[in-house]
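Numbers restart at 1 for each chain; the letters A, B, ... are given by sequence-line order, proteins then strands. Computed from heavy atoms alone, side chains included, the values below leave out hydrogens, waters and symmetry copies.
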There are 2 protein chains.
Amino acid sequence: MVGTPNRDRQAERREATHAEILSVAWDVAEEHGIAGLTLREVAVRIGMKPPSLYSHFDSKNAIYDAMFEQAWTQYAAIVDDVATDLPPNPRQALRVLAETFFDFATAHAPRHQLMSQRVVPGFEPSASAYGPAVQVLDQFQSRLRSLGVDDPAGVDLVTALIGGLVNQQIANDPGGSRWRDLLPRAINMYADEVGLARREPRRSP
Amino acid sequence: MVGTPNRDRQAERREATHAEILSVAWDVAEEHGIAGLTLREVAVRIGMKPPSLYSHFDSKNAIYDAMFEQAWTQYAAIVDDVATDLPPNPRQALRVLAETFFDFATAHAPRHQLMSQRVVPGFEPSASAYGPAVQVLDQFQSRLRSLGVDDPAGVDLVTALIGGLVNQQIANDPGGSRWRDLLPRAINMYADEVGLARREPRRSP
DNA sequence: GTCTATACTGTGATAGAC
DNA sequence: GTCTATCACAGTATAGAC
């Protein structure tokens, strides 16, 4: 075909613009809060006119949707990497997983608000964008099960516990470590509740 | 004085309008989300033109500020009432306090987002509006102390725990009881961690 | 097809008449 | 105190240049 090389170059350029819009959108959200994101600001920083963004995204919510999916995809990659080398001690393993989520969440408050809270008035993530988020929760659930936590309520309890620490850290001590320092204690408290062993299981009983 | 009666009537009317604006603002926030509050909608429902609201509040954020203070004041009254008749068992007492906060918070999600999360882009509560919120936290801290919880970190831990359950309930099961049902278990878990007695203390040891 | 120019709607806010 | 008029700006949609 004659047109193929051109289309490849155009496709590349289109994808690059797509990524640049998202990258700049994260910058703006970081400065003005996730709900303070404006298409004008994004367009200006890229050197575009605001309406031109509509060539790449159908609406502002479509940008939020892509950001939502991107954030959970990034976290999925990080936790997958961490999970390849977990400590054999179940408590330590759970603590590493909790710290991984906590540090990712508190690193960028606007990102966490988009991922885990319903803060943007008209925005609801699409089913497609929800994919990575559901996958992350499913994998966390199966990892908890392999650690010895069987009841579904136990999963709800620990997600609420870790999420609560994250929210308090972001809302009341941003940039500090007041609640981050409580994480090991919180995990031990939870591990006692669900009866997690304190030492790694023996090879042969 | 001649003008005094007139001024009293005017002051009454002014205060009534003030209260009506706040009441309608809560209605709008309940329907459209706390960040979806618009001065137009409030004005229309009252039968005013939008600019007239500025005779009563300096800005939209001033309305948020008054709502913030009003919400914490209302909760302070409720928890004060509950605290007059707490069960003698420390665990049961703590559970009642936790349930009081949980039920108040989950009854109106927009109110909770205003009270405990930073969801409105440009809004930060004023020092004056923070007063009742600080008072509530102080009283909770002293009540925990009288129950036997001394370390400040223990207070941070339980606020994160209860707040985390509230957030999960609102975000993932609004109107349901999936995380509300976990509250007794969560409080017991925390009570074990801080060494709260399981039964009421004896009169004479 | 992609980007630009322009206009329309809605929102917060201010100034001035009554 | 309330209203009319108006401004500044965000999000959206359409038409047209290249």
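Under the 30°/60° scheme for interplanar angles, the aromatic rings of F123(B) and Y64(B) are found to be tilted. Ring geometry for Y130(B) versus F68(B): interplanar angle over 60°, hence perpendicular rather than tilted (30 to 60°).
Here L37(A) lies in heavy-atom contact (under 4.0 Å) with sugar-phosphate atoms only. Within the 4.0 angstrom heavy-atom criterion, only backbone atoms of the sugar-phosphate kind lie near S59(B); the bases stay farther away. Backbone-only engagement by T38(A) is indicated by non-hydrogen atom pairs under 4.0 Å involving sugar-phosphate atoms exclusively.
At dT2(D), one or more side-chain N or O atoms of H56(B) fall inside 4.0 Å of OP1 or OP2 (strictly under the cut-off). At least one side-chain nitrogen or oxygen of Y54(A) sits closer than 4.0 Å to the OP1 or OP2 atom of dT12(D).
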Dump the intermediate steps for side chain to side chain contact (heavy atoms under 4.5 Å, CB included) on F140(B) and V158(B), then the final yes or no. CA-CA 11 Å; F140(B) 178 64; V158(B) 73; 3.8 Å; yes
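One can place CG of L39(B) at 11 Å from P of dT14(C), the figure rounded to the nearest angstrom. Atoms CG (L53(B)) and P (dG12(C)) sit 10 Å apart, rounded to a whole Å. When rounded to the nearest whole Å, the span between CG of N61(B) and P of dT11(C) equals 17 Å. Rounded to a whole Å, the CZ atom of F123(B) is 21 Å from the P atom of dT11(C). For the pair D58(A) CG and dG11(D) C1', the interatomic distance rounds to 14 Å; values are reported in whole Å. Straight-line distance from the CZ atom of F57(A) to the P atom of dG11(D): 15 Å, rounded to whole Å.
No close placement of the H112(A) and F104(A) rings is indicated, their centers lying 6.0 Å or farther apart.
Only K49(A), P51(A), S52(A), listed by number, bring a heavy atom of residues 40-52 of chain A to less than 4.0 angstrom from any atom of DNA chain C.
Side-chain proximity of K60(B) to the nucleotides dT12(D), dA13(C), dT2(C) is greatest for dA13(C).
Between R180(B) and D173(B) there is no salt bridge, since no side-chain N of the basic residue sits under 4.0 Å from a carboxylate O of the acidic one.
Tested against W26(A), the residues E31(A), H108(A), Q70(A) include a single side chain to side chain donor-acceptor pair (under 3.5 Å) partner, Q70(A).
Shortest non-hydrogen contact noted between Y190(B) and G154(B) is OH-O, 2.6 Å.
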